[in-house]
Amino acid sequence: MIEIQNLSKSFTLHNQGGAVIPVMAGAHLKVAPGECVALTGQSGAGKSTLMRMIYGNYLAASGSILVGGVDVAAATPRDIIRLRREILGYVSQFLRVVPRVPSRTVVAEPLLALGMPQETAHNRAEELLSLLNIPERLWSLSPTTFSGGEQQRVNIARGFAHAYPALLLDEPTASLDARNRDVVLGLIKAAKERGAAIVGIFHDEGARERVCTREVDVTVFTPGVAA
Amino acid sequence: MTLHDVSLDQPLFRVEGLTKRYGQRIGCADVSFDLWPGEVLGIVGESGSGKSTLLGCLAGHMQADEGKILYRGRNTLTMPEPERRVLSRTEWAFVHQNPRDGLRMGVSAGGNVGERLMAIGARHYGDIRETAIDWLGRVEISGERIDDRPRQFSGGMQQRLQIARNLVTSPRLVFMDEPTGGLDVSVQARLLDLLRGLVRDMGLSVIIVTHDLAVTRLLADRLMVMKDGRVIEHGLTDQVLDDPQAAYTQLLVSSVLQV
Amino acid sequence: MTEQAYNFAYLDEATKRMIRRALLKGLAIPGYQVPFASREMPMPYGWGTGGVQVTAACLTPGDTLKVIDQGADDTTNAVSIRKFFERTAQVRTTETTAEATVIQTRHRIPEVALTQGQILVYQVPIPEPLRFLEPRESETRRMHALEEYGLMHVKLYEDIARHGAIATSYAYPVKVEGRYVMDPSPIPKFDNPKLGGNAAIQLFGAGREQRIYALPPYTDVVSLDFEDHPFDPSKADHACDLCGSGASYLDEVITDDTGSRMFVCSDTSYCTTRQAEGHTGRLSPKGEAA
């Protein structure tokens with residue numbers, strides 16, 4: 001489902017004397033449907049960078065990133081938009097939404113973008129919100145005013161609203177209490193069982209052990225460290 | 001699972017080598033891009049970067065000197081003016097930064113919304129009124145205000161009225177020039193939310209010019225960065241904002257607090 | 001100063017030729033506003049300088065001229081213009097519609113049907129029907145050129161929204177031969193149906209605005225409206241108090257300080273003709289009817 005070959009990345013800081021910072025070289029990764037791969041390594045080793053490259057958020061310098069048959073490293077923005085809408089989901093660490101939009105709509109948006117009727121989409125959204133223990137009185141409020149934990153749960157609900165065949169999870173259990181952590185891990189398990197290919201960053205070792213099939217240390221992809 | 005075949009459909013709007021000069025000075029130079037149905041393209045840059053000139057040329061308000069603008073395969077630069085004007089009031093729409101430029105201030109809200117309908121031949125008063133009330137509702141203006149003039153409305157309401165007036169004929173392509181400029185932050189958010197919903201529900205293609213990167217983050221699928229009349233960077237909105245490649249874009253992004 | 005100091009009908013021949021060219025172009029493109037080089041006339045703007053120039057360009061020594069103002073032959077403006085041409089063109093004048101070959105009018109179309117060979121000249125204050133909606137002349141000309149007339153209906157829409165019905169009661173806009181939207185000058189909308197299919201030539205002159213437009217005989221003229229608010233050429237719901245006509249356009253006249261009023265035909269020639277034929281109305285002098 002996800003196949004990365006010989007991927008490299010560097011940042012050129014034009015406004016700091018044109019400094020070129022290589023951050024990744026020769027990265028390889030293959031994730032099959034039903035697998036959940038945890039990226040590990042020191043902070044700054046490039047876990048987030050790799051996730052962002054898979055999502056098309058960072059440009060690759062060379063190599064290929066096949067997701068559902070589309071090479072993200074070479075695809076047009078239009079192909080990536082479609083990929084993100086239909087195939088590749090991403091639960092980031094932070095919720096970024098238009099202020100004033102009710103939580104229910106925030107969660108339903110990926111479904112509405114796929115053309116699902118509003119009522120069906122809202123039903124699905126409410127199901128997830130209640131599963132994640134967001135009190136009903138908050139559903140019609142914008143999550144921008146919520147606590148960190150509540151925001152993160154709305155974010156997760158949004159990420160799991162559509163059954164993406166490929167899923168990227170950036171610290172999905174951070175800032176959650178035990179009860180909600182269990183709910184999220186359950187969602188991840190269910191996604192695996194339906195055949196989603198998942199790549200994630202989990203600092204929470206217990207969580208990693210419960211849902212991940214494999215670990216990949218990204219330190220080996222750091223230029224100058226590998227070999 | 002693979003993406004369904006995209007080679008069959010055509011871009012709605014294709015721009016090739018568009019150039020506009022003001023005497024010796026360049027307005028915009030060699031701009032090329034495709035816009036697909038349902039896509040939102042943001043154009044950012046500082047004042048004087050050529051983004052407004054470009055929008056003016058695209059919408060036919062200004063005559064470009066070179067290049068092609070193909071709308072559904074037809075070159076709008078060589079199209080007879082009557083046809084282009086028909087396009088502008090049916091399949092195209094233009095939302096001005098200042099609602100006063102896009103509304104008839106002496107005409108009631110209902111008349112403003114109904115004008116495009118009447119321009120394309122609607123001749124049933126009751127139907128026109130019903131459609132106008134429906135559209136006022138869609139932009140969150142009470143139907144009771146249908147006979148009020150825009151000058152009795154707040155800035156945010158005027159802007160929403162301008163949007164209703166433009167979208168009533170279900171255009172395919174909407175040009176927007178700083179649609180949230182000059183509005184309070186809370187009013188901006190409401191407008192952005194509304195625009196997002198309309199873009200999604202109507203499958204609109206939008207070209208939006210703004211200097212507000214936060215607006216593009218929330219509204220645009222793709223971003224074009226302009227400087228000195230040229231496009232210096234073009235890509236997915238979040239990619240351009242999070243991993244800018246050009247020196248100028250890096251400067252632009254880093255100059256903004258918390259995009 | 002002798003009458004011979006003037007050319008026939010006041011204007012010099014070159015000017016008349018210029019105006020006739022504009023008239024011919026106007027007749028060739030019904031409803032289209034033709035610019036012309038309006039001359040200074042010995043009367044103020046707003047008193048019919050456009051109509052007078054058109055009349056001057058049309059008159060021949062054999063013509064019979066009638067001049068009416070709001071339908072009446074005997075009001076100041078009508079009398080002055082009639083005298084002007086009596087003096088400068090020595091043409092015959094008449095108050096009888098059927099006898100006239102050229103009729104200059106302000107704000108009315110005579111009640112009696114006009115016939116082939118007659119010319120009706122309208123005085124026009126503002127020739128541009130889109131003016132009050134779009135003040136830019138450059139833009140209104142473009143709108144005419146491209147047939148962008150949605151705005152005209154916006155005006156009617158606003159009328160209905162505000163008054164429950166189309167409140168425009170004079171200068172009611174029309175569409176000519178399915179093409180140009182035209183201002184018929186400030187005639188009451190009651191007269192609008194007479195614009196279309198008329199046997200006479202209708203010429204419109206706007207002196208201050210320097211525009212001429214025209215309707216050749218039997219032109220198709222439609223008053224703009226909505227399907228559910230159709231054009232209604234209504235008038236006061238009375239009969240003439242002098243001649244009893246129920247079909248003519250009426251003026252309301254207040255007759256005393258207690259608010260008594262009477263309705264009389266605005267077309268004086270029509271009314272007197274009817275009275276001469278023996279028709280009577282509510283206030284006709286008793287026993288004087290022939």
*Given a strict heavy-atom distance threshold of 4.5 Å, which part of C:His153 is in contact with chain B: side chain, backbone, both, or neither?*
both

*Heavy-atom count around B:Glu144 CD within 6.0 Å, excluding the residue itself: above 12?*
no

*State whether the number of non-hydrogen atoms from other residues, nucleotides or ligands found under 6.0 Å of C:Lys235 atom NZ is greater than 12.*
yes

_Counting neighbours of CD on C:Glu137 that are heavy atoms of other residues, nucleotides or ligands and sit closer than 6.0 Å, is the number greater than 12?_
yes

_Heavy atoms of other groups near C:Phe132 CZ, more than 12 under 6.0 Å_ = no

*Measuring from C:Asp225:CG to B:Tyr125:OH, what's the distance to the nearest 0.5 Å?*
14.5 Å

*Which atoms form the tightest heavy-atom contact between B:Asp147 and C:Ala161, and what is the distance?*
OD1-CB, 3.5 Å

*Interface residue of largest heavy-atom contact number with chain C, from B:Arg116, B:Arg85, B:Glu115, under 4.5 Å*: B:Arg85

*Give a yes or no on whether B:Tyr22 atom OH has more than 12 heavy-atom contacts from other residues, nucleotides or ligands under 6.0 Å away.*
yes

_Main-chain N/O of B:Ser108 paired to C:Glu158 side chain as donor or acceptor, under 3.5 Å_ = yes

_Distance in Å, B:Arg123 CZ paired with C:Glu227 CD, rounded so as to fall on 0.5 Å steps_ = 9.0 Å

*At a heavy-atom separation under 4.5 Å, does B:Ile128 approach chain C through its side chain, its backbone, both, or neither?*
side chain

*Using non-hydrogen atoms only, which part of B:Arg104 is less than 4.5 Å away from chain C: side chain, backbone, both, or neither?*
side chain

*Segment of B:Arg84 engaging chain C (4.5 angstrom heavy-atom cut-off)*: neither

*asked:* For chain B, which candidate among C:Glu134, C:Glu148, C:Arg162 shows the most heavy-atom pairs at distances under 4.5 Å?
replied: C:Glu148

*Step through the shown structure and confirm whether more than 12 heavy atoms of other residues, nucleotides or ligands are within 6.0 Å of NE2 on B:His211.*
no

*Before giving the answer on side-chain contact (heavy atoms from CB on, under 4.5 Å), spell out for B:Glu81 and C:Arg142 the whole-Å C-alpha distance, their side-chain angles and the decisive distance to 0.1 Å.*
CA-CA 10 Å; B:Glu81 196 188 357; C:Arg142 184 172 295 221; 2.7 Å; yes

*Does C:Arg17 CZ have over 12 foreign heavy atoms under 6.0 Å away?*
no

*chain B heavy atoms under 4.5 Å from C:Tyr157: which part of the residue, side chain, backbone, both or neither?*
both

*Taking all heavy atoms of C:Leu146 and all of B:Pro82, pick out the closest pair and write down the distance.*
CD2-CG, 3.2 Å

